[in-house]
Amino acid sequence: MITEYIREITKCVRCGKCTVFCPMFDKLEWEVGAARGKLLLALGFIQGEVEINDEFVKSFYQCSTCMRCEAECPSGVPVINIIREMRRTLVTREIPIPFSHKGMFDVISKLTGREGFNSKWLNLIEGEFLREGEVVYFPGCLPYIEPLLDFELDFERTISGAIKIFNQAGIRPAIPEDLRCCGHDALWSGQYELFNELREKNSKILGKAKLIVISCAECYRTLKKDYSLEGRILHISEFVADLVREGKVTFHDPCRLGRHMGVYKPPRDVLTRIASYEEMPRSGKEALCCGVGAWINCNKYSELIREERLKEAAGVAGIMITSCTKCLAHFRCLLSEPLEKEGLPKIEVRDFTEFVSSNLAG
Amino acid sequence: MGYRFTIVERNDFEPLIISFACNWCSYAASDLAGTSRIRYPPNVRIIRVMCSGMVDPIYILKAFEWGADGVLVTGCHIGGCHYISGNIRAEKMIQKLKTSLHRLGLEDERLMLQWISSSEGGLFTKTLEEMTGRLKNIGPLSLRRKRNL
């Protein structure tokens with residue numbers, strides 16, 4: 001209900017930062033084209049002083065909900081939620097939604113929600129994938145909307161490409177046949193019943209998935225923020241970034257080599273030539289210790305430092321190279337028994353000598 | 001809004017066909033079928049449009065959204081369009097819409113395009129007989145909205 005947002009709406013101090021940055025206002029030059037004006041309209045509506053007319057409706061729909069206003073707002077007004085809620089109010093009063101493309105895509109979204117719906121384009125996708133599984137690729141409604149447009153959207157290449165990325169990582173993802181439209185448009189046009197219907201049906205299918213990867217940003221936001229799914233939800237860019245990170249190596253400067261003896265460059269000269277190298281935030285002179293020097297006093301404080309270092313490494317690479325037997329032993333010790341409940345950082349630790357020799361040709 | 005639901009437990013399923021017929025050719029053909037007293041199945045609802053080219057995908061999508069079991073778009077034969085190329089526009093549109101509907105799981109037989117000239121009353125009735133028969137076989141629209149009876 002829009003009335004629930006009265007406190008948030010009154011947080012607005014009329015500073016106008018939203019208006020300055022609003023891309024719509026830049027072209028429209030209507031005060032109600034930007035957030036500040038819309039919040040005034042909303043306030044007036046709640047107080048019964050502003051009636052709904054064409055201008056009112058135009059103001060709330062002539063907005064792409066890009067969120068620039070909210071991002072700039074110093075008062076923290078949840079602008080786009082308020083706009084969405086006002087659209088909901090208009091829908092409950094049966095005011096027609098100004099769909100583009102004559103509402104074609106709204107009907108398509110509705111049809112995917114019907115009981116007898118089933119995807120019939122999976123035969124066009126190349127690569128190895130399953131009909132159900134723990135790792136799911138959510139394709140969105142790209143296959144249905146592309147034929148209705150006058151330009152291409154590379155639907156087969158995109159979805160086949162995603163499967164190829166998975167296959168390269170040794171995974172066979174699932175594309176369930178009965179996945180509906182995510183409901184993003186239903187939610188943002190104020191059609192909450194349709195959104196709930198689509199969310200309920202999709203949640204049943206995705207309930208058991210452990211990982212869901214999505215190419216479309218709108219579907220990504222909707223599944224991650226507006227649904228409550230158990231599994232891990234990644235945008236395809238996050239998923240590929242993880243894969244890329246796994247293929248990288250980083251160097252952990254042992255204290256006795258680095259700060260004690262000043263040898264920082266030679267290991268890097270070698271590693272940058274034989275692998276895809278990435279530096280950790282704290283490296284060289286600032287490198288974080290493995291937690292122990294000599295077989296003295298290794299206890300929980302050492303382990304905390306060590307875990308922090310491993311997490312730092314896992315943030316940039318899949319393999320951490322070090323050239324000290326002590327460091328290697330201590331890192332591997334921790335990796336053999338997790339410290340906290342969240343599990344081991346995803347990082348492999350290897351010795352410089354061993355790594356370099358195994359990467360030599362011949 | 002006019003949602004229609006079919007009773008599927010019984011065997012007497014009667015499909016609902018929405019037909020768009022162009023004023024100059026196919027609608028005239030349907031008139032001729034009427035005046036010639038040719039019998040044809042009563043499952044069709046004919047909507048007269050000025051040209052098959054003015055049939056927008058949204059009309060067909062709405063027909064299926066509201067429970068039509070089949071949509072028949074009719075117009076003049078290619079080369080015979082009253083507005084020269086309206087039927088060509090219709091043909092292109094139907095091609096694209098068919099791809100989209102196929103991917104949604106809609107059976108291909110449900111959307112049909114047939115050119116019928118104003119003198120072809122018999123072709124009009126024959127098309128409807130065949131379409132009604134096919135739809136009776138494949139059953140009601142699986143994408144219909146279920147209602148609790």
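Chain identifiers are assigned alphabetically (A, B, ...) following the order of the sequence lines, protein sequences preceding nucleic acid strands; residue numbering begins at 1 within each chain. As the structure is a computational prediction, the values presented were derived from the model and not from experiment.
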Measuring from A:Leu149:CG to B:Lys96:NZ, what's the distance to the nearest 0.5 Å?
7.5 Å
Under 6.0 Å from the CD atom of B:Glu129, do we count more than 12 heavy atoms belonging to anything else shown?
yes
Under 4.5 Å from a heavy atom of chain B, the part of A:Glu177 involved:
neither
Run the side-chain contact (heavy atoms from CB on, under 4.5 Å) test on A:Ile108 and B:Ser100 for me, step by step, so that the C-alpha distance in whole Å, both residues' side-chain angles and the decisive distance to 0.1 Å come before the verdict.
CA-CA 9 Å; A:Ile108 299 240; B:Ser100 183; 3.6 Å; yes
Euclidean distance, A:Leu148 CG relative to B:Leu61 CG, rounded to 0.5 Å
7.0 Å
Surrounding CG of A:Asp54 (heavy atoms of other residues, nucleotides or ligands, distance under 6.0 Å), is the total greater than 12?
no
Are more than 12 heavy atoms, taken from residues, nucleotides or ligands other than A:Glu132, located less than 6.0 Å from that residue's CD atom?
no
Can you tell me how far apart NZ (A:Lys120) and CD (B:Glu107) are? Round to the nearest 0.5 Å.
8.0 Å
Please report the interatomic distance CZ(A:Arg114) to CD(B:Glu65), rounded to the nearest 0.5 Å.
5.5 Å
Is it the backbone or the side chain of A:Leu124 that comes under 4.5 Å from a heavy atom of chain B, or both, or neither?
side chain
Are more than 12 heavy atoms from other residues, nucleotides or ligands located less than 6.0 Å from atom CZ of A:Arg93?
no
Least distance between heavy atoms, A:Met104 atom then B:Pro57 atom:
SD-CB, 3.5 Å
Counting only heavy atoms not in A:Arg221, do more than 12 fall under 6.0 Å of its CZ?
yes
Heavy-atom closest contact (A:Phe117 atom, B:Leu104 atom, distance)
CD1-O, 3.3 Å
Within a radius of less than 6.0 Å around CD of B:Glu109, do more than 12 heavy atoms belonging to other residues, nucleotides or ligands occur?
yes
Is A:Asp178 close to chain B through its backbone or its side chain, or both, or neither, when contacts mean heavy atoms under 4.5 Å?
neither
Flag the one option from B:Thr99, B:Leu143, B:Asp56 with the top tally of heavy-atom pairs under 4.5 Å to chain A.
B:Leu143
Is the count of non-hydrogen atoms from other residues, nucleotides or ligands lying under 6.0 Å from B:Lys126 atom NZ greater than 12?
no
With the side chain counted from C-beta on, respond yes when A:Phe155 and B:Arg103 share a heavy-atom pair under 4.5 Å apart, and no when they do not.
yes
